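Below you'll find the structure, written out as structure tokens, and then a few comments.
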Amino acid sequence: VKQFDDGVTAQDIAKSIAVSLGKKSVAGKVDGQFVNNDEPLHKGGKIEIVTSDSDDGLSVLRATAAQILKMAIANDFDNINFGESAADEDGFFVDTDKPDTQISVDQLEDLSKSMHKIIKEDLPIKVVFLSTDEAKKVAGNDPYQSELVKENAVDGQVKFFEIGDFKSIAEGAVLPSTGKVKIFKLLSVAGAYWQGKSSNPMLQRIYATAFNKQKDLDADLEKRQEAHDRDHRVIGNQLDLFFVDPKVGAGLPYWMPTG
């Protein structure tokens, strides 16, 4: 078992193993929990190095893109509330709630432009720890963020990602600056219950994805299109077999004479 000084970072550990590993390192994991590459570590445990070419490295890229999307949304929309966000093997998503009208698919192109602007500025992304009281002030009147502050408080502190003046509760690990994200695509919007419970308010979820290489994004979009073309709901509508009235419910199709 190798020992390291208090305050060592995942990148420090990676460099101590091999210079090449230090160059490829984008984050770390301590007992399975993501930490930023330059985040000081103060407790022991099983430490893993996350490299840019790994599945976990792709998750870090997507978590970074999610933070950029959240900042773009905050810049473009007044009185916007944020639910949860996450990155996984399928991409990433950000949940939002707007009192007057939800973000629509027609607004994704403008949001993409706002994200590209933030990326071009190559703003540093910092990890900051705020006291619970300070975190509540950041959450303000946002009921979802206020709830997340309570859930994420550890020893009276809450971990945030900070980009300029924008702060967001930290989820996963992110890259050191916005300029590290090059290739992304905002895909669609759909309703999602707050924390997945049908008794909770319905939020608007923005689905997206990001990759390190354009060819990987192109292949992913082609795969998504093929899946869409095979969707029985699309085929049924095209062949005039049935239709769905959203007022009645997505699970209650009306069969046509040819169906």
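As the structure is a prediction and not an experimental result, all values here were calculated from the model.
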I need the minimum non-hydrogen distance between [X] and [Y], along with the two atoms involved.
X    : Y    : result
I49  : A10  : CD1-O, 3.4 Å
T132 : A153 : OG1-CB, 4.1 Å
F4   : S16  : CE2-OG, 3.7 Å
A139 : V149 : CB-CG2, 4.2 Å
I183 : N212 : CD1-O, 3.5 Å
V60  : A27  : CG2-CB, 3.9 Å

Value rounded to 0.5 Å, distance of [atom1] in [X] from [atom2] in [Y]:
X    : Y    : atom1 : atom2 : answer
S85  : L69  : OG    : CG    : 9.0 Å
D142 : K136 : CG    : NZ    : 14.5 Å
F184 : T209 : CZ    : OG1   : 11.5 Å
M71  : M115 : CE    : CE    : 11.5 Å
Y207 : L108 : OH    : CG    : 13.0 Å
L221 : L187 : CG    : CG    : 6.5 Å

With no hydrogens and no angle check, just 3.5 Å: does a side-chain donor-acceptor pair link [X] and [Y]?
X    : Y    : value
S131 : E134 : yes
D97  : Q102 : yes
S59  : D56  : no
D38  : T9   : no
Q67  : S168 : yes

*asked:* For Q214, is the CD atom crowded, meaning more than 12 foreign heavy atoms sit under 6.0 Å from it?
replied: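 Yes, because the 6.0 Å sphere around CD of Q214 holds more than 12 heavy atoms from other groups.
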_Would you say CG of N141 has more than 12 non-hydrogen atoms from neighbouring residues, nucleotides or ligands within 6.0 angstrom?_
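No, because the 6.0 Å sphere around CG of N141 holds 12 heavy atoms or fewer from other groups.
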[X]/[Y] ion pair, N-O < 4.0 Å:
X    : Y    : result
E89  : R62  : no
D31  : K46  : no
D90  : R224 : yes
E171 : K70  : yes
D133 : K137 : no
D100 : K98  : yes

Taking [Y]'s backbone N and O only, do any of them form a donor-acceptor pair with [X]'s side chain (distance below 3.5 Å, no angle check)?
X    : Y    : answer
E39  : N36  : yes
E162 : V128 : no
S25  : G22  : no

*Do Y144 and W194 have side chains that get closer than 4.5 Å, going by heavy atoms?*
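Yes - at least one pair of side-chain heavy atoms lies under 4.5 Å apart.
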_Here's a test for you: under side-chain contact (heavy atoms from CB on, under 4.5 Å), which of V26, L61, L175 qualifies with S52?_
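Of the listed residues V26, L61, L175, the side-chain contact (heavy atoms from CB on, under 4.5 Å) partner of S52 is V26.
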*Cation over ring, K167 on F160, under 6.0 Å and within 45°?*
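No; the conditions do not both hold, so K167 does not lie above the ring face of F160.
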